[in-house]
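This report concerns only the one structure given below.
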Amino acid sequence: DSDNNGGAASFAVVKVCEDDLLPNSAYAVAKAMATADAATKKENEDVSTNEEDEEEEKVELASALFGKPMPQAVKQSTEAAAKKNGGVVADGDFTGRTVSFANSNQKGMVVAHRHPIVFVLLENTPTADAKNEQDVKGSKCSISHKLVSIDPSAIPPGSIVDYLGNSLAVLNDGSVSRSLPKAATSGSAAGVDLESGLGIGGITADGISLTVSTLEEDDDSSSTNTRPIFMPIPKISEIGLIDSPLVSGITAIDALTPIGKGQNMLVIGNAENDDATTVGRTTNKRGWMVNFLRNVIENNRNDDSKMRCFYGLTSGDGNVRSNLLDQLKEAGIQEDIVTILSTRNHGEEGEGGTASSATISTEKAMTSAEAVAVAATTCSIAEHHALTTGGDSIVFIDDLNLHKSLWDVTTQYLVQVYGEDAVVTADLQGSGSSEMRGYFSGLIQRSARFNLKKGGGSVTLILLSTLPGDEEADGNNGEEEPTFDPSDFENMPEKIKARISMLVKAKVPLTPTNLKKIQIPLPSTSDAENAKRLALQHVEDLISMSDGQIWLDDALAKAGRSPPLDPSRSITRVGVGADTVSCRADAPALRSVVGSLRFEFQQAMDVMDTATASAIVGNQKQVQRRDAFLLAMHQESNERRKLSHECIALLAASRGHLDAVLAEGGLAGTDQGKEA
């Protein structure tokens with residue numbers, strides 16, 4: 001399905017028929033099965049016919065998923081036939097492959113593959129009219145072994161492009177329009193090396209800016225102009241140890257959660273309110289990331305580091321798009337980075353939601369599919385820079401929520417077509433199945449510090465994840481808080497029930513205030529609470545796949561902490577342990593200054609959180625040390641700091657040189673504290 005959206009991408013759901021994947025098949029013929037309209041039409045057909053079709057499709061799915069493995073000889077002959085004739089084989093992931101529809105000149109790219117269904121992002125261009133869109137529905141198509149590729153060398157710093165590398169112009173209202181293609185090139189198709197993902201040339205297919213390249217293992221091309229949008233994660237044999245720091249210029253991050261070149265890092269925070277009355281009291285994730293970018297660019301502008309920065313904004317909301325570009329302009333760095341944008345001109349419809357939702361939103365499907373392509377393209381351009389120059393690429397993906405939305409859409413389609421038996425229980429409940437973990441790992445693990453054989457460059461991924469905002473008013477207006485019973489949490493995941501048991505054993509009252517402090521969702525059936533529970537559950541899954549996380553806390557922001565980094569929930573997992581001496585993410589200059597800062601800082605915070613007034617007086621030294629470090633790490637979201645500035649501030653805090661300032665009321669956030 002699609003809409004009249006200024007050339008924005010549309011979406012198709014395609015069933016790969018098992019019969020078309022036999023060894024004698026030249027092409028994998030596919031049947032376009034689903035758009036929101038087609039799904040609705042199917043539901044209105046004769047009930048008995050639907051039941052018969054559903055049973056046949058369930059049998060086919062069970063055979064495809066749980067049948068015997070393809071014999072090796074058959075598999076080899078199938079692969080040979082497929083490569084010779086441009087078709088596909090029954091096994092393997094089709095993500096990134098080119099899809100051609102028989103009744104129109106439209107082509108597309110597979111953005112997700114959950115056998116036997118592939119989810120295709122179609123590109124609407126001036127040549128793809130409404131008739132072509134209608135021709136796609138219910139038609140047959142071929143899935144090529146060719147991967148959709150772009151030409152990163154044609155995208156210099158300062159470019160604003162879509163996921164195909166076409167130049168974009170952003171209008172005052174945040175909507176986008178296309179100008180001349182920048183990354184799409186004409187010419188004959190040429191090879192892409194399987195090991196490096198680099199190749200040459202490409203073809204402009206039927207007027208659509210899809211540069212496709214064949215996958216041939218024996219290609220000996222020496223040119224490195226093109227790179228597939230979806231590439232496998234780097235192999236172990238291609239990467240080295242993370243041993244160089246990426247200094248963000250944000251002291252709290254560099255001291256408590258340092259990031260190494262080649263690492264991936266989650267940045268987690270609540271949804272932000274753009275209301276002017278709340279400015280300065282929100283986590284301001286995007287503002288901090290723009291400052292991160294500015295510090296990295298300005299602090300490396302005059303050296304030969306070959307560092308390049310890339311920002312992939314997945315949102316289809318024009319306000320978000322224009323706000324980001326305004327911040328980049330204000331910071332003076334828009335011409336220094338490559339910005340990849342979604343072409344959607346809609347608000348963020350349905351970013352949340354679960355796989356159990358009854359209706360599949362067409363707009364949500366299209367927006368989410370393009371968001372996944374935007375993130376993949378951003379990584380490909382960054383990888384190309386790292387592999388061809390040996391330089392360092394810094395990638396910001398803002399944000400990951402639409403990846404989860406696409407996954408939920410794919411689950412909904414599988415359930416709608418085949419029933420709930422087609423997916424595992426975890427997917428139905430919005431939890432992290434092993435299949436979903438593989439889907440996210442395809443992005444998260446594209447970060448790498450390449451070894452010298454691969455040029456020694458790096459790709460660092462900063463991945464933003466947004467939690468639902470807490471709509472409840474702070475406090476209880478003087479009323480006594482309710483206390484929950486452990487039985488109220490029976491329907492929650494096992495991890496949460498285990499934490500509830502620990503609280504009960506420790507005789508901690510199960511009040512809303514206590515539960516919110518440790519991020520346990522309230523046992524409520526409201527849509528808001530349910531969405532928050534699922535979001536927190538999903539964040540836990542992402543954390544388990546990442547190299548670390550920076551948690552920006554809304555309550556700390558409202559209390560005046562800047563940045564509102566929560567040290568108890570923020571950590572880097574690179575360089576942790578006695579056997580990782582040569583693998584460190586922190587800067588050597590900070591290492592001796594910070595020392596045991598994290599432990600001491602958290603210890604002082606615990607004193608303030610749990611101790612009585614008399615106990616605090618007895619631990620005044622710890623409290624003073626906490627305040628000194630808070631003062632040293634306090635900075636505004638537009639404040640630039642060099643590594644030397646950070647070292648001086650933390651050294652002053654650790655050696656007591658800020659104690660006199662604190663004694664006179666110069667706490668973090670005060671005018672006196674800022675002056676000091």
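With no hydrogens or angles considered, no side-chain donor-acceptor pair links Ser637 and Asn291 at under 3.5 Å. Ser315 and Asp317 share no donor-acceptor pair across their side chains, judged by distance under 3.5 Å alone.
With respect to the salt-bridge test (charged N to carboxylate O, under 4.0 angstrom), the residues Arg569 and Asp553 qualify. By the 4.0 Å N-to-carboxylate-O rule, Arg301 lies close enough to Asp336 to be salt-bridged with it.
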Verdict with reasoning, Leu467 to Ile268, per side chain to side chain contact (heavy atoms under 4.5 Å, CB included): CA-CA 7 Å; Leu467 295 171; Ile268 304 164; 3.8 Å; yes
Test Glu646 against Val247 for side chain to side chain contact (heavy atoms under 4.5 Å, CB included), laying out the working first. CA-CA 10 Å; Glu646 296 181 334; Val247 179; 4.0 Å; yes
Step by step, work out the side chain to side chain contact (heavy atoms under 4.5 Å, CB included) result for Ile462 and Ile259. CA-CA 9 Å; Ile462 310 297; Ile259 302 171; 4.0 Å; yes
Go through Thr339 and Gln334 one step at a time and tell me if the side-chain hydrogen bond (donor to acceptor under 3.5 Å, both in side chains) criterion holds. CA-CA 8 Å; Thr339 308; Gln334 185 173 342; 5.8 Å; no
Stepwise side chain to side chain contact (heavy atoms under 4.5 Å, CB included) check, Leu266 with Met545: CA-CA 10 Å; Leu266 289 173; Met545 292 181 259; over 6 Å; no
Please evaluate residues Asp392 and Ser458 with respect to the criterion side-chain hydrogen bond (donor to acceptor under 3.5 Å, both in side chains), reporting the C-alpha separation (whole Å), side-chain torsions for both, the decisive distance (0.1 Å), and the verdict. CA-CA 5 Å; Asp392 298 311; Ser458 69; 2.6 Å; yes
side-chain hydrogen bond (donor to acceptor under 3.5 Å, both in side chains), that's the test. Do Thr343 and Asp162 meet it? Break it down for me. CA-CA 7 Å; Thr343 58; Asp162 65 6; 6.0 Å; no
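Ring geometry for Phe396 against Phe292 counts as perpendicular: the plane angle is over 60°, on a 0 to 90° scale with 30° as the lower cut.
Pairing each heavy atom of Glu370 with each of Arg344, the nearest pair is OE1-CD, 3.3 Å.
If you look at His384 and Phe310, their ring centroids are not closer than 6.0 Å.
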